[in-house]
Engineer: 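Would you mind keeping the following structure in view while I ask a few things?
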Amino acid sequence: MKTLYFITSNKGKLTEAQERFASVGIDVVQKDIGYPELQAATLEEVAQFGVDHVRQQVNHPFILEDAGIFIDALHGFPGVYSSYVYHTLGLQGILRLLQGVPTAKRGATFRSVFAYTEPHAQPRLFIGECQGTVSLGEQGTQGFGYDPVFIPQGDTRTFAQMGTKEKNQFSHRGRSLEKLLDFFKKQ
Ligand code: IMP
């Protein structure tokens, strides 16, 4: 079984990557070494900055990921600030910002950018998106982060009302992982 190191402190992301890669015999192993999150305009820049930082300490191939939720009615906010906003305003704060906004106007997009790199090589980026809506209230107990308030297009449940395998079938991360897997298959 091949081992793939995932630089993350987030157990939820780890579980989703492990779930997807286990079926093709790749063992995803967490490496929680931490890296500063650059305040940049795009997730791609944040991921690239993370790679540049981590590769000073790690001399084997690894993956890392940056993700965020972009809410239409808030002109893409919180986007690259999703982590900060989650820890400050929280989900209730986001729901308050959207108070009075009808379901038809509660569109949002989740984005995931995975970076894969080998020592001394240019990192490859793999991007996944998932469109959906922000629910009227928190629903569900599974998953992490914004999962209780995000309903993917094509379903009526939030991500937090789905198991890992099901979430992966819809989600931004499921899609970016799929692209990463295609890349590995062609190697
Ligand atoms: P980061 O990629 O760890 O910087 O994530 C940014 C913020 O988005 C954090 O608050 C995460 O909890 C949240 N987040 C990232 N991915 C997901 C997801 O798949 N579902 C729900 N929240 C997520």
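Both ligands and their constituent atoms are indexed starting at 1 by order of listing.
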Engineer: Give the residue and atom name of whichever protein heavy atom lies nearest to atom 22 (N) of ligand 1, and the separation in Å to one decimal.
Structural biologist: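 In this structure, atom 22 (N) of ligand 1 has Y146 N, 2.9 Å as its nearest protein heavy atom.
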Engineer: Should one rank G90, S171, G68, S83 by closest heavy-atom distance to atom 7 (C) of ligand 1, which comes out on top?
Structural biologist: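 Result: the heavy atom closest to atom 7 (C) of ligand 1 is in S83.
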Engineer: Taking N or O atoms only and a 3.5 Å limit, does N10 qualify as a polar contact for ligand 1?
Structural biologist: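 No: no nitrogen or oxygen of N10 is under 3.5 Å from one in ligand 1.
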Engineer: Below 4.0 Å, non-hydrogen atoms only: which portion of K167 touches ligand 1? Side chain, backbone, both or neither.
Structural biologist: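 The answer is the side chain of K167.
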Engineer: Mind checking whether F150 has a heavy atom under 4.0 Å from ligand 1?
Structural biologist: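 Flag not set, F150 not near ligand 1.
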Engineer: Determine, using ring centers only, whether H53 and Y35 are less than 6.0 Å apart.
Structural biologist: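 Judged by ring-centre distance (under 6.0 Å), Y35 and H53 do not meet the cut-off.
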Engineer: So which heavy atom in the protein is nearest atom 16 (N) of ligand 1, and how far is it from that ligand atom?
Structural biologist: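 Protein heavy atom with the smallest distance to atom 16 (N) of ligand 1: R173 NH2, 2.8 Å.
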Engineer: Based purely on interatomic distance, does A67 place a nitrogen or oxygen under 3.5 Å from a nitrogen or oxygen of ligand 1?
Structural biologist: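 For ligand 1, there is an N or O atom that lies under 3.5 Å from one belonging to A67.
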Engineer: Of all the non-hydrogen atoms in the protein, which one sits nearest to atom 4 (O) of ligand 1, and at what distance?
Structural biologist: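 Protein heavy atom at minimum distance: E37 OE2, 2.9 Å.
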Engineer: Validate the cation-pi geometry between K167 and F150: distance from NZ or CZ to the six-membered ring centre under 6.0 Å, angle to the ring axis within 45°.
Structural biologist: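 No, K167 and F150 do not form such a contact.
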Engineer: Note the single closest protein heavy atom to atom 20 (N) of ligand 1, along with its residue, its atom name and the distance in Å.
Structural biologist: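 Protein heavy atom at minimum distance: D147 OD1, 2.6 Å.
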Engineer: Under the 3.5 angstrom rule, does the side chain of R106 hit a backbone N or O of V101 as a donor-acceptor pair?
Structural biologist: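 Yes, because the side chain of R106 sits within donor-acceptor range (under 3.5 Å) of the backbone of V101.
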Engineer: Going by an N to O cut-off under 4.0 Å, is there a salt bridge joining R55 and E118?
Structural biologist: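 So R55 does not pair with E118 through a salt bridge.
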Engineer: Taking only heavy atoms of S82 into account, list the atoms of ligand 1 that are under 4.0 Å away from them.
Structural biologist: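 So the answer, numbered in order with elements, is 6 (C), 7 (C), 8 (O), 10 (O).
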Engineer: Quick one: do K13 and E65 make a salt bridge, cutoff under 4.0 Å?
Structural biologist: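 Between E65 and K13 there is a salt bridge, with a charged N closer than 4.0 Å to a carboxylate O.
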Engineer: Quick one: which ligand 1 atoms are inside 4.0 Å of a heavy atom on H172?
Structural biologist: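 Reading through ligand 1 atom by atom, the close ones are 16 (N), 17 (C), 18 (C), 19 (O).
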Engineer: Hey, which atoms in ligand 1 end up nearer than 4.0 Å to a heavy atom of D66?
Structural biologist: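 Reading through ligand 1 atom by atom, the close ones are 1 (P), 2 (O), 4 (O).
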Engineer: Who's the nearest protein heavy-atom neighbour of atom 14 (N) of ligand 1, and how far?
Structural biologist: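 Looking at atom 14 (N) of ligand 1, the protein heavy atom closest to it is F144 CE1, 3.8 Å.
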Engineer: Is it the case that ligand 1 has an N or O less than 3.5 angstrom from some N or O of E16?
Structural biologist: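 N/O-N/O distance below 3.5 Å does not exist for this pair.
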Engineer: Are any of the N or O atoms of K13 closer than 3.5 Å to those of ligand 1?
Structural biologist: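 By distance alone, the answer is yes.
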Engineer: For atom 12 (O) of ligand 1, state which one of G145, S112, A160 supplies the nearest heavy atom.
Structural biologist: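 The option holding the nearest heavy atom is G145.
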Engineer: Where's the contact between Y86 and ligand 1, heavy-atom distance under 4.0 Å: side chain, backbone, both or neither?
Structural biologist: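 Under 4.0 Å from ligand 1, Y86 contributes side-chain atoms alone.
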